[in-house]
Participant: 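Following this message is one structure expressed as structure tokens.
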Amino acid sequence: MPLALSPHSPPRPRPAVPPFRHTARLVRRPAALAWGLAAVFAALYVCVGANRHRRGLTKAYDLGIFEQAVRAYAHLRAPVVPLKGPGYHLLGDHFHPLIATVAPAYRVFPTPLTLMVAQALLMALAVVPLTRWAHELAGPRVALLVGCATGASWGIVRAAADDFHEIAFAVPLLAFAATALGRRRPLAAALWSLPLLLVKEDLGLTVAAVGLLIAWQARQDRRAPLPGLALAALGLAATALTVLVVLPAFNPSGGFDYWQQLDGGARPSLWALPLRLGWPPVKWLLLFLLAATTGFLGLRSPLFLLCVPTLAWRLLSANPHYWGVSYHYSAVLMPIAVAALVDALRRTGACPGAPTATAAPRAPLARPARRALAVSALVTAVTLPLYPLHEVVMPEAWSTSPRLTETRAMLRLIPDDATVAASNRLAAQLTDRAEVSLVCRQPVWPGPDWVVVDLRDPSVQAPCATADTARMLTLYQSYGYRRLIDQDGLLLLRHP
């Protein structure tokens with residue numbers, strides 16, 4: 001017979017819970033896992049982006065341009081950007097009024113880091129809907145893999161560390177829209193996709209693709225496809241309106257600057273267009289890497305068709321920057337690719353749904369699903385060292401070189417509110433406190449107060465050709481600009 005405890009007996013101590021069990025409980029909770037991963041990736045993006053700006057690796061194209069635009073919005077002015085040219089209205093370049101939502105934060109914290117942090121938060125937000133959807137379908141382990149495949153995907157990582165771009169807003173919107181489509185929630189998908197019309201002019205085509213998928217799903221469910229078709233028409237009309245009317249109205253030349261990048265300056269023949277889709281071979285690398293991100297299984301999902309509008313204009317373009325995997329253009333494809341992977345897992349019957357308290361344990365994933373997840377994880381692991389996220393653990397990335405110290409000392413000589421003509425990377429260090437233009441642009445005379453150039457800047461050839469920079473430096477000196485610093489490729493001139 002067990003002994004009874006007396007009223008004055010001390011309570012029995014509870015067995016200690018191993019710390020890892022608390023972590024395991026959090027992983028089992030979809031919201032905790034999704035938001036936890038998003039917070040981790042946001043912190044990583046901020047670290048990489050802020051450190052690259054500290055090292056002087058950000059550029060006038062594009063951080064400087066967008067900071068000048070957001071700075072103008074923050075002071076309730078039109079987004080006139082001197083880096084694009086005297087009096088250049090940025091809505092004549094691309095249609096991205098949604099970036100004005102960053103203006104209130106920039107008014108409080110007037111620094112380029114505000115834009116970098118905003119971009120990091122926006123892109124990390126894409127992890128949330130995809131992780132929660134994967135958790136709902138296949139449990140915490142698959143959700144953890146999907147969340148990491150999204151946050152560490154090569155397209156998003158490259159964009160998050162590469163200055164600031166308007167497509168930072170598109171990444172989470174596409175993640176939520178694609179997830180809603182996969183869950184057969186047409187109204188939510190439409191509402192999440194509509195703000196894309198304010199992100200960039202070409203994304204109206206993606207909105208049209210969302211509308212067509214909504215209409216297709218409605219036909220499958222024996223519902224009226226009219227709402228989806230209306231959304232598709234709206235997306236097409238919005239793109240046509242912005243490209244043919246809005247952008248030319250603000251553009252100094254009265255047209256759309258990027259037509260020539262689509263046709264290469266000459267009208268291509270119809271038979272040559274299919275050839276341009278697959279040549280040169282670097283385009284196949286883009287397509288292969290995108291398909292591999294989905295574990296190749298995602299190609300079975302209709303959601304993958306949302307990639308078609310972006311891929312079409314990129315592959316048909318005559319601009320080689322659009323063809324590869326080195327710039328920020330692939331960021332909008334990543335949430336679509338991962339959503340297609342999750343949807344394909346569901347379609348193959350690999351995801352039996354979350355078990356209830358009384359149900360049997362979850363069935364193991366089918367072999368195609370395991371293979372696809374393994375391929376997606378391998379792509380993430382292989383590409384991670386090739387893109388800037390690995391800089392977080394590189395000691396040399398956090399050091400301060402003597403040249404960086406010299407550059408900072410030179411820039412400190414330029415007073416606030418001065419007018420400055422600068423080379424590409426130096427311009428991004430000054431846009432928060434001065435009116436900056438590119439050194440290769442023809443200035444509005446009597447000219448800027450200061451001219452500052454780093455001739456060893458590897459990005460100095462674009463957007464400014466080396467010959468144009470040299471020509472303008474000669475011109476400035478012929479007008480009496482005095483050299484205050486000329487050392488190791490660092491050049492500082494002052495107005496007489």
Side-chain angles (χ1 to χ4, degrees), residues 48-68 81-85 111-113 115-116 161-164 388 391 394-496:
V48 173
N51 189 47
R52 289 175 71 85
H53 183 68
R54 180 192 68 85
R55 294 161 60 197
L57 300 181
T58 51
K59 304 174 288 294
Y61 277 52
D62 290 297
L63 179 61
I65 286 174
F66 281 107
E67 185 181 5
Q68 286 185 337
V81 175
L83 283 169
K84 291 285 291 183
T111 165
L113 295 181
L115 275 66
M116 304 292 288
D162 186 21
D163 291 11
F164 174 89
E391 294 178 1
M394 291 177 58
E396 58 270 25
W398 296 90
S399 61
T400 301
S401 66
R403 183 174 179 80
L404 180 57
T405 302
E406 294 171 2
T407 303
R408 290 175 180 172
M410 178 180 67
L411 295 179
R412 281 196 294 268
L413 297 176
I414 300 175
D416 293 349
D417 300 322
T419 56
V420 186
S423 56
N424 196 20
R425 285 185 174 175
L426 296 183
Q429 303 292 317
L430 295 166
T431 47
D432 62 330
R433 63 183 185 88
E435 182 176 326
V436 188
S437 59
L438 284 175
V439 66
C440 59
R441 307 279 193 210
Q442 190 70 29
V444 177
W445 296 106
D449 301 327
W450 300 80
V451 178
V452 59
V453 177
D454 181 359
L455 295 176
R456 287 173 51 184
D457 177 3
S459 70
V460 76
Q461 296 181 4
C464 290
T466 304
D468 291 337
T469 300
R471 175 177 57 83
M472 290 305 302
L473 287 175
T474 302
L475 181 64
Y476 280 123
Q477 292 177 85
S478 69
Y479 275 89
Y481 279 72
R482 294 184 292 110
R483 292 195 180 199
L484 299 185
I485 294 178
D486 185 357
Q487 179 181 356
D488 197 22
L490 295 175
L491 185 63
L492 179 67
L493 308 180
R494 185 175 182 178
H495 194 282

Participant: Run the side chain to side chain contact (heavy atoms under 4.5 Å, CB included) check on Leu411 and Leu430 step by step: do they pass?
Facilitator: CA-CA 8 Å; Leu411 295 179; Leu430 295 166; 4.1 Å; yes
Participant: Would you name the heavy atoms of Ser437 and Pro82 that are closest together and state the gap between them?
Facilitator: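 Heavy atoms of Ser437 and Pro82 come nearest at CB-O, 3.9 Å.
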Participant: Is a donor on one side and an acceptor on the other found under 3.5 Å between the side chain of Asp432 and the backbone of Pro112?
Facilitator: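 Between the backbone of Pro112 and the side chain of Asp432 there is no qualifying donor-acceptor contact (under 3.5 Å).
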Participant: Does Arg433 use its side chain to pair, donor to acceptor, with the backbone of Ile414 at less than 3.5 Å?
Facilitator: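 Side chain of Arg433 to backbone of Ile414: a pair is present.
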Participant: Examine distances only and state if a side-chain atom of Glu391 and a backbone atom of Glu396 form a donor-acceptor pair shorter than 3.5 Å.
Facilitator: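 Side chain of Glu391 to backbone of Glu396, a donor-acceptor pair under 3.5 Å: no, none is there.
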Participant: Please examine the side chains of Leu491 and Val452, heavy atoms only from C-beta on, and report whether any two atoms are closer than 4.5 Å.
Facilitator: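 The answer is no; the side chains never approach within 4.5 Å.
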Participant: Start with the C-alpha distance between Leu115 and Phe66, add both sets of side-chain angles, then the distance that settles side chain to side chain contact (heavy atoms under 4.5 Å, CB included), and finish with yes or no.
Facilitator: CA-CA 8 Å; Leu115 275 66; Phe66 281 107; 4.0 Å; yes
Participant: Roughly how far apart are His53 NE2 and Gln429 CD, rounded to 0.5 Å?
Facilitator: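 With rounding to 0.5 Å, NE2 (His53) is 4.5 Å from CD (Gln429).
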Participant: Do the non-hydrogen side-chain atoms of Leu438 and Thr469 ever get within less than 4.5 Å of each other?
Facilitator: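 No. Closest side-chain heavy atoms not under 4.5 Å.
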Participant: Check whether any side-chain heavy atom of Leu490 lies under 4.5 Å from a side-chain heavy atom of Leu492, and answer yes or no.
Facilitator: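 A side-chain contact under 4.5 Å is absent here.
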Participant: Determine whether a donor-acceptor pair (N or O, by modelled atom type, separation under 3.5 Å) exists between the side chain of Ser423 and the backbone of Asp454.
Facilitator: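 Yes.
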Participant: Is there a donor-acceptor contact under 3.5 Å from the side chain of Asp449 to the main chain of Thr419?
Facilitator: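 Flag set: sc Asp449 to bb Thr419 pair under 3.5 Å.
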Participant: Determine whether Phe164 and Ile65 satisfy the following criterion, side chain to side chain contact (heavy atoms under 4.5 Å, CB included), listing intermediate values before the conclusion.
Facilitator: CA-CA 9 Å; Phe164 174 89; Ile65 286 174; over 6 Å; no
Participant: Less than 4.5 Å apart, side chain to side chain, heavy atoms only: is that true for Arg471 and Tyr476?
Facilitator: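 Heavy-atom side-chain distance check fails, nothing below 4.5 Å.
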Participant: Got a sec, which residues hit side-chain contact (heavy atoms from CB on, under 4.5 Å) with Thr431, two or more places apart in sequence or on another chain?
Facilitator: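 In terms of side-chain contact (heavy atoms from CB on, under 4.5 Å), with neighbours along the sequence ignored, Thr431 is linked to Glu67, Gln68, Leu83, Val436.
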Participant: Less than 3.5 Å apart, any donor N or O on the side chain of Arg54 or Thr400 sitting next to an acceptor on the other?
Facilitator: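 Result is yes, a qualifying pair exists.
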Participant: So, Asp457 side chain and Arg425 main chain: donor-acceptor pair closer than 3.5 Å or not?
Facilitator: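 Such a contact is found between Asp457 side chain and Arg425 backbone.
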Participant: Do Pro496 and Tyr479 touch side chain to side chain, with heavy atoms closer than 4.5 Å?
Facilitator: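 Answer no - side chains too far apart.
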Participant: Evaluate side chain to side chain contact (heavy atoms under 4.5 Å, CB included) for Asn424 paired with Leu426, printing each intermediate quantity in order.
Facilitator: CA-CA 6 Å; Asn424 196 20; Leu426 296 183; over 6 Å; no
Participant: If a pair satisfies side chain to side chain donor-acceptor pair (under 3.5 Å) and one of its residues is in residues 480-496, list it, with sequence neighbours excluded.
Facilitator: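 Checked against side chain to side chain donor-acceptor pair (under 3.5 Å) - neighbours excluded - the pairs reaching residues 480-496 are Arg403-Asp488, Arg456-Asp488, Gln477-Arg483, Arg483-Asp486.
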Participant: Give me the atom names and distance for the closest heavy-atom approach of Ala397 to Asn51.
Facilitator: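 Heavy-atom minimum between the residues: O-ND2, 2.7 Å.
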Participant: Given side chains that start at C-beta, do those of Leu455 and Thr466 come closer than 4.5 Å, heavy atoms only?
Facilitator: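 They are not in contact (no side-chain heavy atoms under 4.5 Å apart), so the answer is no.
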Participant: Nearest heavy-atom pair of Ala418 and Ala434: which atoms, and what distance?
Facilitator: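 So the minimum-distance heavy-atom pair works out to O-CB, 3.3 Å.
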Participant: Please give me the minimum heavy-atom distance between Pro388 and Arg52, naming the atom from each residue.
Facilitator: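 Looking at all heavy atoms of both residues, the shortest contact is CB-NH1, 4.1 Å.
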Participant: Using a 3.5 Å distance criterion without hydrogens, assess whether the side chain of Asp163 forms a donor-acceptor pair with backbone atoms of Asp62.
Facilitator: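 Indeed, once roles are kept as given, a pair shorter than 3.5 Å links the two residues.
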Participant: If you measure from CG on Leu63 to CG on Leu57, what distance do you get to the nearest 0.5 Å?
Facilitator: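 Output value for this atom pair is 11.5 Å.
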Participant: Please name the pair of heavy atoms, one in Pro448 and one in Pro443, separated by the smallest distance, quoted to 0.1 Å.
Facilitator: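 Result for this residue pair: CD-CB, 4.0 Å.
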Participant: State whether Asp162 and Lys59 are salt-bridged, where the test is any N-O pair (Lys NZ or Arg NE/NH1/NH2 against Asp/Glu carboxylate O) under 4.0 Å.
Facilitator: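 So Asp162 pairs with Lys59 through a salt bridge.
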